[in-house]
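These notes are about the structure you will find just below.
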Amino acid sequence: MITAERPSRLRAFTTAFLGSPTATVALCVFVAMTLAAIFAPLIAPQDPYDLRSVSILDNLLPPGETSFDGLTYWLGTDGQGRDMLSAMLYGLRISLVVGLASGVIALAFGTLVGLVAAFRGGWVDALLMRIVDLQLSLPTILVALILLVILGRGIDKIIVALVVVQWAYFARTVRGVALVENARDYVDAARGLRLPPLRILFHHILPNCLPTLLVVATIQMAQAISLEATLSFLGLGLPPTRPSLGLLIANGFDYLQSGRWWISVLPGVVLLVLVVSINVVGDRLRDVLNPHLRG
Amino acid sequence: MAPVLTLRGLTTVFGKGTQELRALDGVDLTVNAGEIVALVGESGSGKSLTGFSINGLLPANARITGGSIDLSGTDLRTVPAREMRKIRGKEVGMIFQDPMMTLNPVLRVETQMRDALRAHDPLPRAALRERLIAALAEVGIAAPEQRLRAWPHELSGGMRQRVAIATALLHSPKLIIADEPTTALDVTIQGQILALAQKLCKERGTALIWITHDLAVVAGIADRVSVMYAGRVVEEGPVDAVLDAPAHPYTRGLIDSVAANQPKGTRLPMIPGRMPLLSDLPKGCVFAPRCSRRSALCDSTSPPPRATGQGQTVRCHHPLTEPAGALA
Amino acid sequence: MAEFILRRILQALLVLFVMTVLVFFGIHVIGNPVDLFASSECTKACLDEIMVNLGLDRPVWQQYLIFLGNLAEGDLGRSFTHGVPAMSLIWERFPATLELAVAALVLALGIGLPLGFYAGLRPESILSKVIMALSMIGFSVPIFWIGLILILTFSVYLGWLPAIGRGELVSVLGLEVSFLTLDGLRHLAMPAFTLSLLMMSMVIRLTRAGLREVMTSDYIRFARANGVPEYRVLGWHAMKNLLIPIVTVLGMEFGGVIAFAVVTESIFSWPGVGKMLIDAISVLDRPLIVAYLIFVVTMFVLLNLVIDILYSLLDPRVRLGAGAV
């Protein structure tokens, strides 16, 4: 019965989502940016990681200038002579990877913890939720900062830090939904039929958690990208050799005072557009999937 | 005796342009000093909206488009919105349905009453307090000094409704609109509040509009009654006449569907169908689709008000003549 | 009431204890700070001497016990780099952070409340939609970038506001503050605004949503039906109901604001504890990092307690002793 309904439900959902022009535009922007990031090596005029193709003589050129060997830097160059457009495409790639990877891992781990808490109940639940409360009561930036001080730099390390600050949101969400669903009649009915617990979990409870999880995941991804940029800006996130958008902005900060705005501002605009579009999509998802959360 | 309030052809609509919905259509109503007029109808019949039209507290998407609201000689429709504040509370008081919701949960009783008093009467603090204590004592609240300092959640439902009544009476308004003020209360408390309202109204000569859907309450308190259906007054008259010998089939249906009016063991008669949506009103008589006496005339022409022999006015092409069973 | 407060204090102490363990051992896993700041000519013997001086030659658990003992006496150790007690450094820097955070709070309320109020009263107007869109951006955009744009606009191009430092200070009750001098205010403006954006967006949203709900309530209708003037209905009857969620959320967020000051202070070189932390991290000044964390967590716990009490003052329905667990 559920399978029969699925296509129409999906269509209804798509129609509802596209009912908002703002959200539709945001979704398109997000998809376009993701594609640009995936195909960065193909569309970028330069490989910013390849030191041979970068000429220090071309440094700090404003947008539109041409290099000695005829390459036009449409968005200017940075302090080391890297083409900004290429650097930004690769930076976008890293920001997205960090945001996605940390989001997915946090989602998986948080869901597991939430389900365990909801089903075991008792002291397990109490203990896990205490940890979640503690985690959520501390400001994310502080926790991430400390972890990075301990762990050091690197893409894997920043993903670990982001997972640590994010998992609790998922755990709390899943536990809440699972507790509600668990008390519903259909789950009782499934138990009455002596269906194995895992089957109940995967076929009945998890699918009902999905809409809420999707909303939380979208918003957390925007948060993660933003937080990664902030940490990189503080010099704590990624190694300088592989700059994300945040690090590009940080690198340009030193040149800002001398009026070379493009090095900092342009990656910032990309970051802004990325984060805002994800948030708009998330907001719309929330409105469409769960009208009760509106407000 | 000159009437305190006269509504003539009051028409209130929701929305604009083609989306416009007539929620009130040509409502006539007269209330004399010291008189209690009950406004009866199902939810959505426009009885509460009539109240809000009078004191100018309509929701943002509603507005009055026709008729007049005469409050002792002043047409309230000509009073600018800014001036209406000076009339609210001073000339027209209002009491609401749910006493749990009427008082602001985060303000002390004293603050709320003081603000209502000061709205029209800037007295020094000590004098304000005395007036408030007297007002609470008058509605039968024991230890009014302490109640004044209480938070709303510390008072019972009946007590809160008394506070609301005392507040509405602070400036002895000529007219009080009571919007189902006993519906949310226990039956025993309900009786007390009814008796209180009746007593205060008669003592002070206040005109009272009592909005309700409960015919037992109407029989107990009102002098006259107006029955509303789909934004129109379908029958109006002295309470005894209307309840004993309803002329409109809808009124008759309402009376018959009160359990106490039927012999034990018989099935409770109900009016078939439901009230039409405002967006889909019948062309002729609004009650026609549910009416057992419907004729071709009912479907084409809206019935004009006409007087019956018993002092009632009814909007029906085929009014009833036989009396209904008396209310217990 | 007394039991409630006692329970909260015990809870707080437990959180603090867990934090000291996590932070202390976490920090000790990482590299040897001596390598970072000892001069390169320093021999093995010289390095060992520094280690002994700093107490780094003992096992970690001993170091922790010593640390805990000192903590009980209010001593959080000496900064490796500055050579003075870490706590005194924090107390010296903290007023700057506090001033920044309070200024941000004032801005968030001062700007956010009226904007949210307007958007709640006229939800359909164009201005309201602009306000809501801006609050959405305020939520999403990393604040450091806003800081950069402000510097670019107001310092680099317009030259109106200074980009770094606190400016001229005045001493009030032993605290050095910027906001009482014109120069100090000019220095304070951009960092405070940057830091306030997140809170401001939150205030706008809470105010708007709250107002729309409150305005349809019977008690507002009742106040109006009694002729209470509109300014009083909105400014007090509605406002007091709105303030409950706003105070709660701001109270919880204020600790976050102190933490986020790390970013703002780095951008504007504001000499507060946040800037100090970043500097301490870059040279692995362990006692200073640990002291900062203990300090911030303690402040958090105290703040939460204050919020609970404030909440009960605003909302009479909350009974501290009975309702709260």
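Computed from a predicted structure; not experimentally measured. Residue numbers begin at 1 in each chain, while the letters A, B, ... track the order of the sequences.
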C/L158 CG: over 12 foreign heavy atoms closer than 6.0 Å: yes

Do you know which two heavy atoms are closest between C/M136 and A/V276, and how far apart they sit? CE-O, 4.2 Å

OG1/A/T230 to CD1/C/I143 distance, rounded to the nearest 0.5 angstrom? 7.0 Å

Less than 4.5 Å apart, any side-chain heavy atom of C/F144 and any of A/L234? no

With a 4.5 Å limit on heavy-atom distance, are the side chains of A/L145 and C/L277 in contact? yes

Interface moiety of C/V257 toward chain A, non-hydrogen atoms closer than 4.5 Å: neither

C/I146 CD1 to A/L272 CG distance, which is reported to the nearest 0.5 Å: 7.0 Å

Are A/L142 and C/F260 close enough that some pair of their side-chain heavy atoms sits under 4.5 Å apart? no

Given that the side chain runs from C-beta out, which part of A/A229 has a heavy atom under 4.5 Å from chain C: side chain, backbone, both or neither? both

Contacting region of C/I258 [heavy-atom separation from chain A under 4.5 Å]: neither

Answer with side chain, backbone, both or neither: which region of C/L148 has an atom nearer than 4.5 Å to a non-hydrogen atom of chain A? both

Check whether A/V143 gets within reach of chain C through its side chain, its backbone, both or neither, counting any heavy atom under 4.5 Å. neither

